[in-house]
Amino acid sequence: MTGHAHCQSCKFFDEHKVNGAQASGEQGLCRYNPPVTQPAPESKGLWPVVATSDWCGHFTPEMTAAE
């Protein structure tokens, strides 16, 4: 992978600022796919938590975040 192909530079990376607070350090949410469902019907779906330095096979130069 190139140095730029990581989650933080993807347009689907969400810093996950809770209620306008500070970003959650070196982690964020991957918004590429819908939330993952949970085993119990009353549970909410969850977005995958990723590190800013993580990467996946979906990354392309067209998916980089707007600067």
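Numbering of residues begins at 1 and proceeds along the displayed sequence. Hydrogens, waters and symmetry mates play no part in the numbers below; they use all other heavy atoms, side chains included. These figures come from a predicted structure and were not determined experimentally.
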Student: Do you know the tightest heavy-atom contact between A51 and C7?
Tutor: O-CB, 3.5 Å
Student: If you define the side chain from C-beta out and look only at heavy atoms, does anything of W47 sit under 4.5 Å from R31?
Tutor: yes
Student: Do L29 and P48 have side chains that approach each other closer than 4.5 Å (heavy atoms only, starting at C-beta)?
Tutor: no
Student: Looking at H6 and T52, what are the two nearest heavy atoms and their distance?
Tutor: ND1-O, 3.5 Å
Student: What I'd like to find out is whether the side chain of L46 reaches to under 4.5 Å of the side chain of P35, using heavy atoms alone.
Tutor: no
Student: Which distance, rounded to the nearest 0.5 Å, do you find between the OG of S53 and the CD of Q8?
Tutor: 9.0 Å
Student: Using the ring of each side chain (for Trp, its six-membered ring), is Y32 parallel, tilted or perpendicular to H58, with breaks at 30° and 60°?
Tutor: parallel
Student: Using a 4.5 Å cut-off on heavy atoms from C-beta on, say whether the side chain of F13 contacts that of K11.
Tutor: no
Student: Taking the side chain as every heavy atom from C-beta outward, state whether V50 and C30 have any pair of such atoms under 4.5 Å apart.
Tutor: yes
